[in-house]
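Letters A, B, ... are given to chains in the order of the sequence lines, protein chains preceding strands, and every chain is numbered from 1.
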2 protein chains.
Amino acid sequence: MEGQPGLNHETWYTINDLSAAFDITARTLRHYEDVGMLAPLRRGSQRLYRERDRVRLQLILRGRRLGFSLPEIHDMLDLYDADPSEVTQLQDVIKRGDAKLAELQEQVDELQTTIQELLELRAKMQHRLDIILTQEGL
Amino acid sequence: MEGQPGLNHETWYTINDLSAAFDITARTLRHYEDVGMLAPLRRGSQRLYRERDRVRLQLILRGRRLGFSLPEIHDMLDLYDADPSEVTQLQDVIKRGDAKLAELQEQVDELQTTIQELLELRAKMQHRLDIILTQEGL
DNA sequence: ACGCAACTTTCCGTTTACGTAAACAGCGGT
DNA sequence: ACCGCTGTTTACGTAAACGGAAAGTTGCGT
């Protein structure tokens, strides 16, 4: 169950807390760990997820909904993990972030084109339907 | 090669025309046919793709870039193939189209949230970088 | 101390979306 | 008639992202 194993005010989650909360299987969470996208602490052999892990999981699942592969999502997570004390790291993360941003914007554009086309199709179909219905109404 | 086998002014494409034009393999085109997403004509055993097939292929590839599965894309293509003379078909296509539109809009929203978060991260990193660089400049 | 539920690791299975030969057919050029 | 190219079908292989079952361990309630 969800709780606090220490005396601090941090919230902890078991693997089943998270799988229930996000409607995924424990197997999926272990898989994300296998490929290095999550790294929960251990109490003995049991996994203990912190708030940080929960946030990362949310990012992973959103990435999946958006159609990204796990390696792609992994790269995006890495952006948040960069060491902010090293100049080269900062420059690198900005550069990689900009590249990803351009990609995401392109995807938004294509989505909006798709939406536009579907709206036009819908209008056409609605128009035909109106004509048929008024004819039948005679 | 791309050409016109008849005397009309329609353009035809071989399987290699299309695979070269869209940078995919012939195998991929045959696969889309296997799963019923394309249906080129035949001259003997050879596939002949018309403009209509080319447009459908564009839709398929865009769908893939947006992260949709082939069955999902297949459903979207079906929207364009609905018989516009049947009232029930028209109503059905409008309903299914609206459902897909809601989905697409949701995807746009999630993408824009992701973009926003990356922009904030970028600003944070840029800020840290500026501080470090001015310190070094002393 | 005992049982049992919750967790663990390990490993083989499955689906999607093709990749990759193998083996054959038709056709334009020499 | 033979070559090479382009195309075809058939069929097994593969990577990604888990699913699912087996077998072992651990902590907790009584």
Between [X] ([atom1]) and [N] ([atom2]), how many Å, whole number?
X       : N      : atom1 : atom2 : answer
A:Leu38 : D:dA17 : CG    : C1'   : 14 Å
A:His74 : D:dA16 : NE2   : P     : 14 Å
A:Leu18 : C:dA6  : CG    : C1'   : 15 Å
A:Asp34 : C:dC12 : CG    : P     : 15 Å
B:Glu33 : D:dT8  : CD    : P     : 8 Å
A:Ile24 : D:dG20 : CD1   : P     : 14 Å
A:His31 : D:dA15 : NE2   : P     : 15 Å
A:Leu29 : C:dA6  : CG    : C1'   : 15 Å

Check: What's the spacing between A:Met76 CE and B:Leu118 CG if we round to 0.5 Å?
Finding: 5.0 Å
Next item on the list: Compare all side-chain heavy atoms of A:Leu70 with those of A:Arg64 and state whether any distance is below 4.5 angstrom.
Entry: yes
Margin query: Check whether B:Arg42 reaches the backbone of B:Ser45 with its side chain - one donor and one acceptor, N or O, closer than 3.5 Å.
Written below: yes
OP1 or OP2 of [N] sitting under 4.0 Å from any side-chain N/O of [X]?
X       : N      : result
A:Thr25 : D:dG19 : yes
B:Arg30 : D:dT8  : yes
A:Arg42 : D:dT26 : no
B:Tyr32 : C:dC18 : yes
B:Arg43 : C:dG26 : no

Check: Hey, are A:Asp75 and A:Arg96 close enough for a salt bridge, meaning a charged N less than 4.0 Å from a carboxylate O?
Finding: no
Notebook entry, point to check: Between A:Arg47 and A:Glu33, is there a side-chain N and carboxylate O pair less than 4.0 Å apart?
Noted result: yes
Next item on the list: Decide yes or no, distance alone: a donor-acceptor N/O pair under 3.5 angstrom between the base of C:dT20 and the side-chain of B:Arg27.
Entry: yes
Margin query: From the set C:dA17, C:dT9, D:dT8, return the single nucleotide nearest to any side-chain atom of B:Ser69.
Written below: C:dA17
Notebook entry, point to check: Starting at the 5' end of DNA chain D, which residue's closest nucleotide do you reach first, A:Thr28 or A:Gly44?
Noted result: A:Thr28
